[in-house]
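Quick notes on the structure that follows.
To find a chain, count down the sequence lines: A is the first, B the second, and so on, and within it residues start at 1.
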Amino acid sequence: MQVSSISSILKGTPESGQKVRVQGWIRTRRDSKAGLSFLAVHDGSCFDPIQVVVESSIEHYESQVLKLTTGCSVDIEGELKPSEGKGQSVEILASRLEVVGWVDDPETYPMSPKRHTFEYLREHAHLRPRTNVSGAVARVRNCLAHAIHRFFYEREFLYVHTPLITASDCEGAGELFRVSTLDMQNLPRNDKGAVDYSKDFFGEETFLTVSGQLNVESYCQSMSRVYTFGPTFRAENSNTSRHLAEFWMVEPEIAFADLSDCADLAEEMLKYVFKAVLEERADDMAFFAQRVDKEAISRLESIINASFVRVDYTDAIRILEECGEKFEFPVSWGIDMASEHERYLAEKHFKKPVIVMNYPKDIKAFYMRQNDDGKTVAAMDILAPGIGEIVGGSQREERLDRLDQRMDEMDIPKEHLDWYRDLRRYGTVPHGGFGLGFDRLVTYVTGMANIRDVIPFPRTPKNVAF
RNA sequence: UGGGAAUUAGCUUAGUGGUAGAGCGCCUGGCUGUUAACCAGGAGGUCCUCGGUUCGAGCCCGAGAUUCCCAGCCA
């Protein structure tokens, strides 16, 4: 007999009165000595489990059904019928129940049916998808990823698979993880005593990428509208609730575009995916609003229906200077804003996502386009309440002479970036894009407090156990 | 990487230098179309590790490990 997902059953297929078969795992078992057991069975297809009623007349009731505990896997057939109890509309009256896998020792089963701390769940990352919260996060994460691809596909963007291994170490986005096949116990040396990377796999030093942007720009210069969506790596010793050593980033790049076009794209994309998650994962979002963050749903609704605030860096600094708030780090034009400043703008002053534009050139990357004022570059950050920077983007410097000038000023070696400079030599166009921290997006949408709880197996300093 | 906090039963935790406590979970029994079920009973402890002070250390001191929070770096 064909297996139905619990999601499709709760949506009405098959209909009440028909035979159904489900496969899943026991969440809880409650017995009535009057001769019934109630099983909550889930299969991950939606937030809710389905209630299965098992009468004592079923085969192996005493020896098996009464021994079922949280986590056991089962294969059940029965009749779908309206529930006689409160709390669910339909339930399955079981006619056959097969225990596929038992739980060895119910007392020490780590996912016992009770509340667990997030720290505890992280230590059991392989079992935490069995919990309500991790399951809901997984479905929302999936929904967001799918919506992002859909958003770009509908707008004729090309999804480009940029490389994860790179020789460029000068993108200025942080410390890199080395990639090497050299024998660490016996490193080849050159005549100066330095490690001889010409003996390494690629014949030179290589690293895991910190961004796909430079590569995706190459495709942008032919395909017009492109994006990459993949893992990126930063070897920073960051110990915060919003940093990962391995995280996923969405990086669109558009040709014949300026900074304002980039900001428009980012805003449109965020609204699109917020709308998608509210429509497609209403069950999980209701759970987050109830148990994790009261504002989880209302926050997204209010953002969908309003424009993001756009403010020039120079004006943002003035707001901070004149607000009367005591900051740990003093505010003046030219500073790289600290968390407290970004939080003040997003959480207290504007109380919604803020797009800060046109930053001082000295605190931004070499590839960002210089503005005519000689002081700023066409860069933007989107600051989200509770998260901080969720998007960072810019219009890129499309003029080769200006790009070279910035590379010289910032001591960026050119030998690995001749190909990037070529893009300005042959049919250059104004273009730009942004990077969206996908895991930060999931954190923001769900209202979860820690980014380590929105990615299946978080990589942070001293943590690669799974 | 800096500053702070934490580590006691399967989990969450209380614990005042002198016999190790609770709630939940688990097991057993009772009760009930149950749904955070309820009632009664029971089992369950390397008090993070090493060293020190003390007649005596879960508690005081030192070192280490790990985790969390804040900050920095960023997405």
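When the side-chain nitrogen and oxygen atoms of A:Ser339 are compared with OP1 and OP2 of B:rG72, one or more of them lie within a distance under 4.0 Å. Here A:Thr117 reaches the OP1 or OP2 of B:rU12: one of its side-chain N or O atoms lies under 4.0 Å away.
Following rounding to the nearest Å, A:Ile355 (CD1) and B:rA75 (C1') show an atom-to-atom distance of 16 Å. The separation between A:Phe438 atom CZ and B:rC74 atom C1' is 18 Å, rounded to whole Å. Going from atom CG of A:Asp381 over to atom P of B:rC74 covers 10 Å, rounded to whole Å. Per the geometry, CD1 belonging to A:Ile451 stands 16 Å off C1' belonging to B:rC69, to the nearest Å. With rounding to whole Å, A:Glu236 atom CD is found 14 Å from B:rA71 atom C1'. If you take CZ of A:Phe38 and P of B:rU32, they are 13 Å apart, rounded to a whole angstrom. Between A:Arg440 atom CZ and B:rC73 atom C1' there is a gap of 10 Å when expressed in whole angstrom units.
The same atom, C1', is picked in B:rG72 and in B:rU16; the two are 40 Å apart, to the nearest Å. Taking atom P on both B:rC47 and B:rC59, the two are 10 Å apart, rounded to the nearest angstrom. Only the P atoms considered, B:rG25 is 7 Å distant from B:rC38, to the nearest whole Å. Remark: the separation of the C1' atoms in B:rU28 and B:rA20 is 25 Å, to the nearest Å. Remark: the separation of the C1' atoms in B:rG58 and B:rA6 is 15 Å, to the nearest Å. When the P atom is compared between B:rC68 and B:rG52, the two are found 32 Å apart, to the nearest whole Å. Nucleotides B:rA9 and B:rA5, compared at atom C1', are 24 Å apart to the nearest Å. Remark: the separation of the C1' atoms in B:rG62 and B:rA75 is 41 Å, to the nearest Å.
Residue contacts shown for A:Phe247 include a base, since a base heavy atom lies under 4.0 Å away. Within 4.0 Å of A:Leu36, counting heavy atoms only, lies at least one base atom of the nucleic acid. At the heavy-atom level, A:Ala40 lies nowhere under 4.0 Å from the strands shown. Across all strands shown, A:Gly435 has heavy atoms under 4.0 Å from sugar-phosphate atoms exclusively, and none from any base. Using a 4.0 Å heavy-atom cutoff across all strands shown, A:Asp336 reaches sugar-phosphate atoms only and no base atom. Within the nucleic acid shown, A:Glu389 comes within 4.0 Å of sugar-phosphate atoms alone, with no base atom in reach, counting heavy atoms only. Across all strands, A:Leu244 comes closer than 4.0 Å to base atoms (heavy-atom distances). In this structure, A:Glu91 reaches the bases: a heavy-atom distance under 4.0 Å links it to at least one base atom across the strands shown.
Listed by chain and residue number, A:Lys81 satisfy the salt bridge (Lys or Arg N to Asp or Glu O under 4.0 Å) test with A:Glu84 (two or more places apart in sequence, or in another chain). Not a single side chain to side chain donor-acceptor pair (under 3.5 Å) links A:Asn142 to another residue, sequence neighbours left out. Scanning for side chain to side chain donor-acceptor pair (under 3.5 Å) contacts around A:Tyr420 gives A:Glu217, A:Arg424, with sequence neighbours left out. Applying the side chain to side chain donor-acceptor pair (under 3.5 Å) test to A:Asn132 and every residue at least two apart in sequence or in another chain returns A:Arg27. With sequence neighbours excluded, the residues that form a ring-ring contact (aromatic ring centres under 6.0 Å, His included) with A:Tyr344 are A:Phe327. Not counting sequence neighbours, the partners of A:Tyr313 by the ring-ring contact (aromatic ring centres under 6.0 Å, His included) test are A:Trp333, A:Tyr359. Applying the side chain to side chain donor-acceptor pair (under 3.5 Å) rule to A:Thr28 yields the partners A:Arg30; only residues at least two apart in sequence or on another chain are considered.
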Q: Starting at the 5' end of RNA chain B, write a dot or bracket for each base, bracketing those in Watson-Crick or G-U wobble pairs whose two distances are under 3.5 Å and using | for partners on another strand.
A: (((((((..((((....[..)))).(((((.......))))).....(((((..]....))))))))))))....
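Summary of the strand contacts: A:Glu328 and A:Thr460 both lie near RNA chain B, and taking for each the nucleotide with the nearest heavy atom, the more 5' one is attributed to A:Thr460. Comparing A:Phe329 and A:Arg452 by the nucleotide of RNA chain B whose heavy atom lies nearest to each, the residue mapping closer to the 5' end is A:Arg452.
The existence of a salt bridge linking A:Asp381 and A:Lys364 is confirmed by a sub-4.0 Å separation between a basic side-chain nitrogen and an acidic carboxylate oxygen. Using a cut-off of 4.0 Å between Lys/Arg side-chain N and Asp/Glu carboxylate O, A:Glu77 and A:Lys19 are scored as not salt-bridged. In this structure, A:Glu409 pairs ionically with A:Arg406, as a charged nitrogen and a carboxylate oxygen lie closer than 4.0 Å.
For A:Arg299 and A:Tyr444, the positive end sits near the middle of the six-membered ring, less than 6.0 Å away and at most 45° from its axis.
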Return the polar atom pairs (N/O with N/O) between nucleotides 25-27 of chain B and the protein under 3.5 Å, or none.
{"from": "B:rG25", "atom 1": "N2", "to": "A:Glu107", "atom 2": "OE2", "distance (Å)": "2.8"}

N/O to N/O distances under 3.5 Å, protein versus nucleotides 1-6 of chain B:
{"from": "B:rU1", "atom 1": "OP1", "to": "A:Asn237", "atom 2": "ND2", "distance (Å)": "3.2"}
{"from": "B:rU1", "atom 1": "O5'", "to": "A:Asn237", "atom 2": "ND2", "distance (Å)": "3.4"}
{"from": "B:rU1", "atom 1": "O4", "to": "A:Asn239", "atom 2": "ND2", "distance (Å)": "2.6"}

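Ring geometry for A:His124 versus A:Tyr120: interplanar angle of 30 to 60°, hence tilted.
Using a 4.5 Å heavy-atom cutoff, the side chains of A:Ile390 and A:Leu436 are in contact. In this structure, the side chains of A:Phe308 and A:Lys352 stay at 4.5 Å or more apart for every pair of heavy atoms.
For the segment residues 121-140 of chain A, residues with any heavy atom less than 4.0 angstrom from an atom of RNA chain B are, sorted by number, A:Arg122. The stretch residues 43-62 of chain A touches RNA chain B through A:Gln51, A:Val53, each having a heavy atom under 4.0 angstrom from the strand.
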Q: For the pair A:Tyr219 and A:Thr162, evaluate side chain to side chain donor-acceptor pair (under 3.5 Å) and give the outcome as yes or no after the intermediate values.
A: CA-CA 10 Å; A:Tyr219 271 69; A:Thr162 50; over 6 Å; no
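For CZ of A:Arg150, the number of neighbouring non-hydrogen atoms (other residues, nucleotides, ligands) closer than 6.0 Å is greater than 12.
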